[in-house]
Amino acid sequence: MTLRSFIAACLFVLAFVYPALAQDNGGEPAGPIATQSDAGSDRAIDRRIEEILSQLEGLGDVFAQVKSGVVTLRGQVAEPQLALEAERLAGRVEGVVAIRNQIREVSSVSKRIVPAWERIRNRTLQILNQLPMIGLSAIVFTLIGAFGLWVASRRWPFSRIAPNSFIADLLRQIVRLVFAGLGLVVALDVLGATAVLGTILGAAGIVGLAVGFAVRDTVENYIASILLSVRQPFRPNDWVEIGGKEGSVLMLTARATILIDADGNHIRIPNSDVFKGIVHNYTRNPERRFAFRLGIDPAADLTRARETGIRTLAGLPFTLDDPGADAWIEDVGDHAVIIQYVAWVNQTETSFLHARSEAIRLVRHALESEGIALPEPGYRVRLENGEEPAGSSPRPARQPAKAEEEPAAGNVRADDTISRKVAQERARSNRQDLLDEDARQEIG
């Protein structure tokens, strides 16, 4: 045999013989097929199959005919799955070579209703027989759940281990859920249905995952509220800036932080943004520095301009001696030298905005009284032919103001309007506030 003939034979086997061996048998029993059969063995197989089918509900009208090991099933069944069950059972009898399923499905309504009614009756009888155990399981579940509710209703130890009332309520809810789950497990064990628990937990996990994706933002805000209630980064009536929004803290709820701005408007900021964002708390430290800039004539004595401003700021009744006032040259512009003046005030007694306003007014007056000019921006126009515009005259330099009597500082007392609004709204509000005046506040 040549190599070409050998390859052709192999291809013939792969193309025709192997697919014929590997194809599905269409319900025929697996295993070797007997080479010979007699009438006695066929009758034995027939009797054995009909004995098995007669013992099963719904297969009493099915009979078998066997010839040379080939079984033909005939008869009527109420449901398609019964015909498949009869075929499966016949295939397990020894000596069966092949099965032809010719069982017909009954179209009679009465014969279809009777098996269904029998199943309902049997299930009902089973439930009635299990009523004592079901009642005992319900009693066990109720007792364990009631004990969990009693434990959760105690003030101690939750008030001792929790940093605030919100966390204490959260721990109580967790205790209730734990005891409810424990009661369910014990009740199912008493009933002998612990296998149901796995199905319940699997369904609960899938539902929880779907709900978690649907309310992701709400869950994120809720977790952030828990962390904020533990950290307590601010107190009610603290003046803060969060995400570019500035106002006095009204309250911290389970979803948002509520501020009242300087115009009396409410600002709701999601707790997730508060927790992840930058929080400026201006009330935490009562001492606050204000700053402003003034342009000084470049020809003036800059040292005297600095000292005059510092002396004026230090002499104001609302500025602090420690830290003291200060000033420095910040920049040199086209028409003036920019000097930065700073001073500190106590925010609990002084209005920050009013103090800064009065400081600018009084320092400017002091500089002009000392003959230090604060020039205005000016521009020089030059024509191409070198001539001045007709009718124009040089602009006179701005003269320092004449010395006048030193003005007194105005009223810079702290404004408590927003503080009173916060107190009034907190007194009227029935919502749970997560801020606790007695809780430890985080550092920084």
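Hydrogens, waters and symmetry mates are skipped; everything else that's a heavy atom, side chains included, is used. Counting begins at 1 with the first residue of the sequence.
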Just wondering, are more than 12 heavy atoms of other shown residues or ligands nearer than 6.0 Å to CZ in Arg255? no
Would Glu349 and Asn346 count as a side chain to side chain contact (heavy atoms under 4.5 Å, CB included) here? Give the steps. CA-CA 6 Å; Glu349 302 173 353; Asn346 187 341; 4.0 Å; yes
Polar side-chain atom of Asp297 near backbone of Ala299 as donor-acceptor pair, under 3.5 Å: yes
After noting the C-alpha distance and the side-chain angles of Glu220 and Lys276, does the key distance pass the salt bridge (Lys or Arg N to Asp or Glu O under 4.0 Å) rule? CA-CA 11 Å; Glu220 185 180 8; Lys276 295 184 295 185; 3.2 Å; yes
Go through the structure and list residues passing ring pair (Phe, Tyr, Trp, His ring centres under 6.0 Å) with Phe179, not counting sequence neighbours. Phe147
Which pair of heavy atoms, one from Leu184 and one from Phe141, lies closest together, and at what distance? N-CD1, 3.4 Å
Would you say CZ of Arg100 has more than 12 non-hydrogen atoms from neighbouring residues, nucleotides or ligands within 6.0 angstrom? no
Heavy-atom side-chain proximity of Val151 to Leu149 below 4.5 angstrom: no
What one should report as the nearest heavy-atom pair of Val71 and Leu73 is CG1-CD2, 3.9 Å
Reported CZ-to-CD1 distance for the pair Arg268 and Ile258, which is rounded to 0.5 angstrom: 4.5 Å
From Ser153 OG over to Arg172 CZ, what is the distance, rounded to the nearest 0.5 angstrom? 8.5 Å
Under 3.5 Å, is there a donor-acceptor pair linking the side chains of Asp61 and Gln76? no
Do NZ/NE/NH1/NH2 and the carboxylate oxygens of Glu307 and Arg304 come within less than 4.0 Å? no
Derivation and outcome, side-chain hydrogen bond (donor to acceptor under 3.5 Å, both in side chains), residues Glu425 and His266: CA-CA 11 Å; Glu425 296 209 22; His266 282 207; 2.9 Å; yes
Using side chain to side chain contact (heavy atoms under 4.5 Å, CB included) as the criterion, point out the one residue from Thr319, Asp326, Ile310 that pairs with Val342. Asp326
Using a 3.5 Å distance criterion without hydrogens, assess whether the side chain of Gln232 forms a donor-acceptor pair with backbone atoms of Leu434. yes
Check whether any side-chain heavy atom of Ile139 sits under 4.5 Å from a side-chain heavy atom of Leu143, and report yes or no. yes
4.5 Å side-chain heavy-atom contact, Pro233 and Asn281: no
Sidechain-backbone polar pair: Ser54 side chain, Glu51 backbone, donor-acceptor under 3.5 Å: yes
Pairing donors with acceptors under 3.5 angstrom, does anything connect the side chains of Asn221 and Asn271? no
Using 0.5 Å steps for rounding, measure from the OG1 atom of Thr124 to the CG atom of Asn129. 10.5 Å
Has Arg361 got more than 12 heavy atoms of other residues, nucleotides or ligands less than 6.0 Å from its CZ? yes
Is it true that a side-chain atom of Ser357 and a backbone atom of Leu353 form a donor plus acceptor pair closer than 3.5 Å? no
Rounded distance (nearest 0.5 Å) linking atom CD of Glu85 with atom CG of Leu53: 9.5 Å
With side chains defined as the heavy atoms from C-beta onward, is the minimum distance between Thr257 and Phe234 less than 4.5 Å? yes
Is there a side-chain contact between Asp261 and Lys245 (heavy atoms, below 4.5 Å)? no
Does Ile278 have more than 12 heavy atoms from other residues, nucleotides or ligands lying within 6.0 Å of its CD1? no
Hey, are the side chains of Trp328 and Ile339 touching, using non-hydrogen atoms and a 4.5 Å cut-off? no
Please test Met251 against Thr253 for side chain to side chain contact (heavy atoms under 4.5 Å, CB included), starting from the C-alpha separation and ending with a verdict. CA-CA 6 Å; Met251 64 176 55; Thr253 67; 3.9 Å; yes
Do we get Arg288 above Phe352's six-membered ring, with its NZ or CZ under 6.0 Å from the centre and within 45° of the axis? yes
Using the rule given for side chain to side chain contact (heavy atoms under 4.5 Å, CB included), can you reason through Leu374 versus Glu368, listing the C-alpha separation, both sets of side-chain angles and the distance that settles it, and then say yes or no? CA-CA 8 Å; Leu374 282 68; Glu368 292 179 342; 4.2 Å; yes
Closest heavy-atom pair and its distance - Ile99, Val96: CG1-CG1, 3.8 Å
Looking only at atom types and distance, does a side-chain atom of Arg289 sit under 3.5 Å from a main-chain N or O of Trp344, one as donor and one as acceptor? no
State, yes or no, whether a side-chain contact exists between Leu250 and Leu259 at a heavy-atom distance under 4.5 Å. no
Flag side-chain contact, heavy atom, 4.5 Å: Val190 against Met133: yes
Show the nearest heavy-atom pair for residues Ala325 and Leu313, with the distance to one decimal. CB-CB, 3.6 Å
Does any N or O in the side chain of Asn237 come within less than 3.5 Å of the main-chain N or O of Ala423, such that one atom is a donor and the other an acceptor? no
Rounding to 0.5 Å, atoms CZ (Arg306) and OH (Tyr341) come to a distance of 8.5 Å
Main chain of Gly324, side chain of Asp321: is a donor-acceptor contact present, judged purely on distance under 3.5 Å? no
Residues passing the side chain to side chain donor-acceptor pair (under 3.5 Å) test with Thr417, sequence neighbours excluded, are Asp415
What's the verdict on side chain to side chain contact (heavy atoms under 4.5 Å, CB included) for Ile338 and Val332, showing C-alpha distance, side-chain angles and the deciding distance? CA-CA 6 Å; Ile338 308 301; Val332 177; over 6 Å; no
Under 3.5 Å: donor-acceptor pair, side chain of Arg356, backbone of Ala291: yes
Would a distance-only check, ignoring hydrogens and angles, find a side-chain to backbone donor-acceptor pair under 3.5 Å from Asp238 to Val240? no
Of all heavy-atom pairs between Ala305 and Ile372, which one has the smallest distance, and what is that distance? CA-CD1, 3.6 Å
Output for pair (Leu82 CG, Leu59 CG), nearest 0.5 Å, gives 5.5 Å
Distance-only polar pair, side chains of Glu241 and Tyr282, donor-acceptor under 3.5 Å: yes
On a heavy-atom basis, the closest approach of Gly309 and Leu367 is N-CD2, 4.5 Å
